[in-house]
Amino acid sequence: MPLRLAYRGAYQSAAVFDVLAAEAVPGVEEVSGQPGKRVYRRTLRLPYGTGIVAVDERARGWLDARLHLTDLRDLTTAVGRLRRLLDLDADPYAVTSGSAPIRGSLPWSPPGPGCGHPERPIPRSSRCGRWSGRRRPSGLCSGTARLSTRPAAASRTSSPRPAPSPRPDGPVAALGAALADGHVRLDPGADRDDAQAALLTLPGMDARTVAVIRTRALGDPDVAPADLDVPDSWRPWRSYALQHLRTAGELETK
């Protein structure tokens with residue numbers, strides 16, 4: 001089904017698609033085409049079924065998208081995840097009037113795509129580990145033939161526990177297990193400080209990666225890496241300020 005994903009004010013789709021292309025998870029996401037005419041495709045794991053979405057780069061007050069769902073009951077959830085992924089609900093005028101490095105700067109750069117699936121922030125924050133997936137019939141996608149899925153360690157189901165249990169080595173496996181047993185919550189209603197504290201208890205999880213997860217998975221607009229001295233004048237939009245400077249080539253991306 002065709003969709004128009006509206007946004008407020010100016011929207012720098014090129015910067016968003018640059019990040020999507022650079023960080024695409026093979027078999028789950030892909031970006032094809034030439035700059036200005038690119039198409040982002042990905043698969044979605046949804047409450048009632050699965051989905052495939054294709055979003056056009058061209059911004060004209062909205063982004064054109066095409067969505068295929070196996071169950072129409074997932075429509076609201078899928079659209080919500082797409083809007084979160086592309087940061088379409090941000091208010092650019094509030095951002096550019098409230099943070100010193102980008103004051104008055106339009107178009108602006110969102111702080112980087114979020115997570116189309118709430119349980120897979122790690123591939124966007126550190127290229128590590130191996131993800132599992134199930135094959136599904138082809139639809140809107142060409143190379144994206146796997147479902148966006150949890151890490152293999154998270155495929156087990158268990159009752160929530162107040163404290164973490166022993167976990168496999170590695171941040172991806174540890175995060176997967178923590179999400180499965182409820183030790184870490186990264187859904188839209190999760191408390192950001194609680195999530196950060198829980199993430200820092202996981203083996204192999206460093207403060208910089210946690211900062212990226214807090215920005216991308218939890219949508220926090222005011223995050224700075226632990227090893228970067230960011231002045232208070234950048235608040236309350238440090239996530240946006242940092243991405244804006246990276247896009248402008250004024251801040252090295254590590």
Side-chain angles (χ1 to χ4, degrees), residues 1 3-25 28-31 39-57 59 61-69 73-92 94-95 108-125 144 147-150 175 179 184-192 194-196 199 209-223 236-240 242-244:
M1 67 183 71
L3 299 172
R4 284 186 174 182
L5 302 172
Y7 51 82
R8 292 187 284 180
Y11 184 79
Q12 195 171 351
S13 59
V16 175
F17 272 64
D18 286 345
V19 177
L20 289 170
E23 300 183 357
V25 180
V28 175
E29 305 168 288
E30 67 174 12
V31 176
V39 177
Y40 169 71
R41 298 179 179 87
R42 69 157 296 136
T43 54
L44 294 168
R45 181 184 294 278
L46 298 160
Y48 297 100
T50 61
I52 302 173
V53 65
V55 183
D56 293 340
E57 178 182 4
W62 66 84
L63 297 178
D64 285 317
R66 296 171 301 285
L67 180 64
H68 172 77
L69 299 173
R73 290 177 293 177
D74 285 322
L75 178 59
T76 300
T77 300
V79 171
R81 288 188 185 170
L82 287 174
R83 296 193 65 80
R84 186 180 177 198
L85 172 72
L86 300 167
D87 201 24
L88 296 175
D89 293 317
D91 184 345
V95 174
W108 61 296
S109 299
C115 299
H117 191 285
E119 294 174 326
R120 55 165 298 273
I122 280 291
R124 291 204 181 282
S125 54
T144 53
L147 293 179
S148 173
T149 180
R150 291 163 288 187
L175 178 57
L179 289 165
V184 173
R185 285 185 56 206
L186 296 178
D187 56 274
D191 182 273
R192 292 165 178 167
D194 289 347
Q196 177 172 313
L199 286 166
T209 299
V210 171
V212 176
I213 293 175
R214 181 163 177 155
T215 301
R216 302 287 184 88
L218 297 173
D220 192 336
D222 192 35
V223 178
W237 307 103
R238 289 179 297 172
S239 303
Y240 289 87
L242 288 164
Q243 182 61 22
H244 180 85

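The shown structure was predicted, so the numbers you read here are calculated from the model rather than taken from an experiment.
T50 contributes atom OG1, which lies 7.0 Å from atom NE2 of H68 (distance to the nearest 0.5 angstrom). Rounding to the nearest 0.5 Å places CG of L5 at 10.0 Å from CG of L85. One distance of note links CG of L88 with CG of L82; it measures 8.5 Å at 0.5 Å rounding. The CG atom of L86 sits 4.5 Å away from atom OH of Y11, with the distance rounded to the nearest 0.5 Å. Distance CG/D87 to CZ/R216: 10.5 Å, rounded to 0.5 Å. If you take CG on L199 and CG on L186, they are separated by 5.5 Å, rounding to the nearest 0.5 Å.
Take R214 and apply the salt bridge (charged side-chain N to carboxylate O under 4.0 Å, His left out) test, not counting sequence neighbours, and it matches D193, D220. Partners of E57 by side chain to side chain contact (heavy atoms under 4.5 Å, CB included), not counting sequence neighbours, listed by chain and number: S13, A14, F17, R38. Listed by chain and number, the residues in a side chain to side chain contact (heavy atoms under 4.5 Å, CB included) with A211 are V223 (sequence neighbours excluded). Qualifying side-chain hydrogen bond (donor to acceptor under 3.5 Å, both in side chains) partners for R73, counting only residues two or more places apart in sequence or in other chains: D71. Every residue meeting the side-chain hydrogen bond (donor to acceptor under 3.5 Å, both in side chains) condition with D89, not counting sequence neighbours, appears here in chain and number order: R83. D222 is linked by a salt bridge (charged side-chain N to carboxylate O under 4.0 Å, His left out) to R235, R238, counting only residues two or more places apart in sequence or in another chain.
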Checklist entry - Should L75 and L67 be marked as a side chain to side chain contact (heavy atoms under 4.5 Å, CB included) after you check the CA-CA gap, both sets of side-chain angles, and the distance that decides it? => result CA-CA 9 Å; L75 178 59; L67 180 64; 3.8 Å; yes

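Closest approach of D74 and P47 over heavy atoms only: OD1-CD, 3.2 Å. T215 and S239 make their closest contact through OG1-OG, 3.7 Å (heavy atoms, listed as atom of the first residue, atom of the second, distance). Across all their heavy atoms, R192 and G219 have their closest contact at NH2-O, 3.1 Å. Nearest approach of G51 to L46, heavy atoms of both residues: N-CD1, 4.1 Å. Closest approach of Y7 to W62, counting heavy atoms only: CE2-N, 3.4 Å.
Counting heavy atoms from C-beta outward, L63 and Y40 have side chains that stay 4.5 Å or more apart. Looking only at side-chain heavy atoms (C-beta outward), V53 and R81 stay at 4.5 Å or farther from each other. A heavy-atom distance below 4.5 Å is not found between the side chains of D194 and R185.
Not one N or O on the side chain of R4 forms a donor-acceptor pair closer than 3.5 Å with the backbone of G61. The closest donor-acceptor contact from the side chain of E29 to the backbone of V25 lies under 3.5 Å.
Contact check on D56 versus R66 returns a salt bridge, with a Lys/Arg side-chain nitrogen under 4.0 Å from an Asp/Glu carboxylate oxygen.
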